[in-house]
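Below, chain A is the first sequence line, B the second, and so on; all start at residue 1.
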Amino acid sequence: MQTKILPQGILLSEIKDFDLKKTLDCGQCFRFYQNNDGSWHGVAGNRPLTLYQTNDGIMFKNITKEEFNAFWRIYFDLDRDYEAICRAFPDSVYMRKSARFSSGMRVLRQDAWETLISFIISQNNNIPRIKGIIDRLCRNFGQQCGGDFGFPSPTVLAELDEQDLGILRCGWRSAYILDAARRVSAGEINLKEIAKMPIDDARKALQKIKGVGPKVAECVLLYGMGRYEAFPLDVWMKRAMSELFPGLEPKSFGEYAGIAQQYIFHFSRCNPDCFTKC
DNA sequence: CGCCAGGCTTCTA
DNA sequence: TAGAAGCATGGC
């Protein structure tokens, strides 16, 4: 991996396994959108970013090398060798198909709070609407940063009530958002502590929040706490496990099971005919 | 228009 | 303690 400082920003080259579309459009984050010119724009926390793929590599527009190294390099998990991780996955036809189909996708290291709220919103919902609700959440209650809006803090949301959240049009999820905000804001739930706990303790701690069950907790651990052994099982993954990986369980996929999960999720969503028709 | 969405809580047997 | 109903909203 090499970085070059150019007038437009930081150009990242000689990087293996980094595909922007697969990474930003696979249902792990909800704040990035593709522009008409093919570039991507989004916000993580309070940091906006525009980036695009060129013949020479990936351009991170208008940022300093310091910001790249201190934040985006970690966010995009650029120091991990995905090829080596793939070699350690179980020897299975559908594992190989999933890894090949999804190659270039990286599992992001997002903020735990933002991930918690995002996946509370995601339940029994579809991705376009999830993105819309999160956009309204940030526009109405987030801090303005340039032309964008950051993700609102727990303390800001904890002061609101269900009427205030009506503007989100997120239905019954607003009670869950408020419960999470109040507990985190009060220190009753400490996300930094939870991130370091043994994983079963962390799961239990997260599920104390209203509206957080096994699936949402697993997503927070994987996408928001860098716990790569976490393995979210949604309806698609449950089906994939029983039909494509009979006899295997999350643990069978090892230390980086979460990456395997993301590959399999993407593969099976894009190829629903891989399941036996009945 | 009707079905369904990266589930969870609550109710019922 | 397992299984199903109910949940608000809108994308397709």
Trainee: Expressed as a whole number of angstroms, how long is the span from Lys131(A):NZ to dC12(C):P?
Mentor: 11 Å

Trainee: Round to the nearest Å and state the distance from Leu165(A) atom CG to dT9(C) atom P.
Mentor: 12 Å

Trainee: Before accepting this row, confirm whether a basic side-chain N of the pair Glu67(A)/Arg47(A) lies closer than 4.0 Å to the acidic partner's carboxylate O.
Mentor: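 Judged by the 4.0 Å cut-off on N to carboxylate O distance, Glu67(A) and Arg47(A) do form a salt bridge.
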
Trainee: Flag the pair Asp200(A) and Lys204(A) as a salt bridge only when some basic side-chain nitrogen lies within less than 4.0 angstrom of an acidic carboxylate oxygen.
Mentor: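 No, this pair does not count.
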
Trainee: Does NZ or CZ of Lys97(A) come closer than 6.0 Å to the centre of the six-membered ring of Tyr94(A), within 45° of the ring's axis?
Mentor: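 Pair Lys97(A)/Tyr94(A) counts as cation-pi.
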
Trainee: Taking the P atom in each of dC3(B) and dG6(C), what is the distance between them to the nearest angstrom?
Mentor: 16 Å

Trainee: Look at atom CG of Asn55(A) and say whether more than 12 heavy atoms of other residues, nucleotides or ligands are closer to it than 6.0 Å.
Mentor: no

Trainee: Taking the same atom, P, in dG11(C) and in dC8(B), what whole-Å distance lies between them?
Mentor: 23 Å

Trainee: Under 3.5 Å, is there a donor-acceptor pair linking the side chains of Gln262(A) and Tyr223(A)?
Mentor: yes

Trainee: Determine the contact category for Glu162(A): base if any of its heavy atoms lies under 4.0 Å from a base atom, sugar-phosphate if only primed atoms, P, OP1 or OP2 are that close, otherwise nothing.
Mentor: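 Since no nucleic acid heavy atom lies under 4.0 Å of Glu162(A), the category is nothing.
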
Trainee: Distance check needed: dG6(C) C1' versus Gln123(A) CD, whole Å only.
Mentor: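 Gln123(A) atom CD is separated from dG6(C) atom C1' by 13 Å.
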
Trainee: Please report the distance, rounded to the nearest Å, between CG in Asn124(A) and P in dA8(C).
Mentor: 11 Å

Trainee: Are any of Arg129(A)'s side-chain N or O atoms less than 4.0 Å away from OP1 or OP2 of dA5(B)?
Mentor: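 Indeed not, no polar side-chain atom of Arg129(A) lies that close.
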
Trainee: Taking atom P in both dG6(B) and dG3(C), what distance in whole Å separates the two?
Mentor: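 These two P atoms come out 24 Å apart once rounded.
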
Trainee: If we count only N and O atoms by modelled type, under 3.5 Å, do the side chains of Asp135(A) and Tyr33(A) hold a donor and an acceptor together?
Mentor: no

Trainee: Are Asn125(A) and Arg129(A) close enough that a side-chain donor and a side-chain acceptor fall under 3.5 Å?
Mentor: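 Yes.
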
Trainee: Give the rounded distance in Å between these two atoms: CD1 of Ile130(A) and P of dC12(C).
Mentor: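 Interatomic distance, CD1 of Ile130(A) to P of dC12(C): 12 Å.
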
Trainee: Establish, from distance only, whether the side-chain atoms of Ser174(A) and Glu162(A) form a donor-acceptor pair under 3.5 Å.
Mentor: yes

Trainee: Ile127(A) near the nucleic acid: base, sugar-phosphate alone, or nothing, with a heavy-atom cut-off under 4.0 Å?
Mentor: sugar-phosphate

Trainee: Which whole-number value in Å describes the distance from Phe30(A) CZ to dG6(B) P?
Mentor: 9 Å

Trainee: In whole angstrom, what separates Ile120(A)'s CD1 from dA5(B)'s P?
Mentor: 21 Å

Trainee: Taking the six-membered ring for Trp, is the centroid-to-centroid distance between Tyr263(A) and Phe101(A) below 6.0 Å?
Mentor: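 No, the ring of Tyr263(A) stays outside the 6.0 Å limit from the ring of Phe101(A), centre to centre.
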
Trainee: Among residues 171-179 of chain A, which ones have heavy-atom contacts with DNA chain B below 4.0 Å?
Mentor: Trp172(A), Tyr176(A)

Trainee: Within this structure, what is the CD1-to-P distance between Ile167(A) and dG10(C), rounded to whole angstrom?
Mentor: 13 Å

Trainee: Tell me whether Phe265(A) is stacked on the nucleobase of dG6(B), counting only the six-membered base ring and applying the 5.5 Å and 30° thresholds.
Mentor: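 Stacking is present between dG6(B) and Phe265(A), given that their ring centres fall under 5.5 Å apart and the planes under 30°.
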
Trainee: For the base of dA8(C), is there a side-chain donor-acceptor partner from Asn125(A) under 3.5 Å away?
Mentor: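 No such pair is found, so the answer is no.
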
Trainee: Any donor-acceptor pair under 3.5 Å linking the side-chain atoms of Ser102(A) with those of Lys22(A)?
Mentor: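 No, no side-chain donor-acceptor pair sits under 3.5 Å.
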
Trainee: Taking only heavy atoms on the protein side, list every residue of residues 198-232 of chain A lying under 4.0 Å from any atom of DNA chain C, sorted numerically.
Mentor: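 Nothing qualifies; none.
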
Trainee: Please pick, from dT9(C), dG6(B), dC12(C), the nucleotide with the shortest atom-to-atom distance to any side-chain atom of Pro128(A).
Mentor: dC12(C)

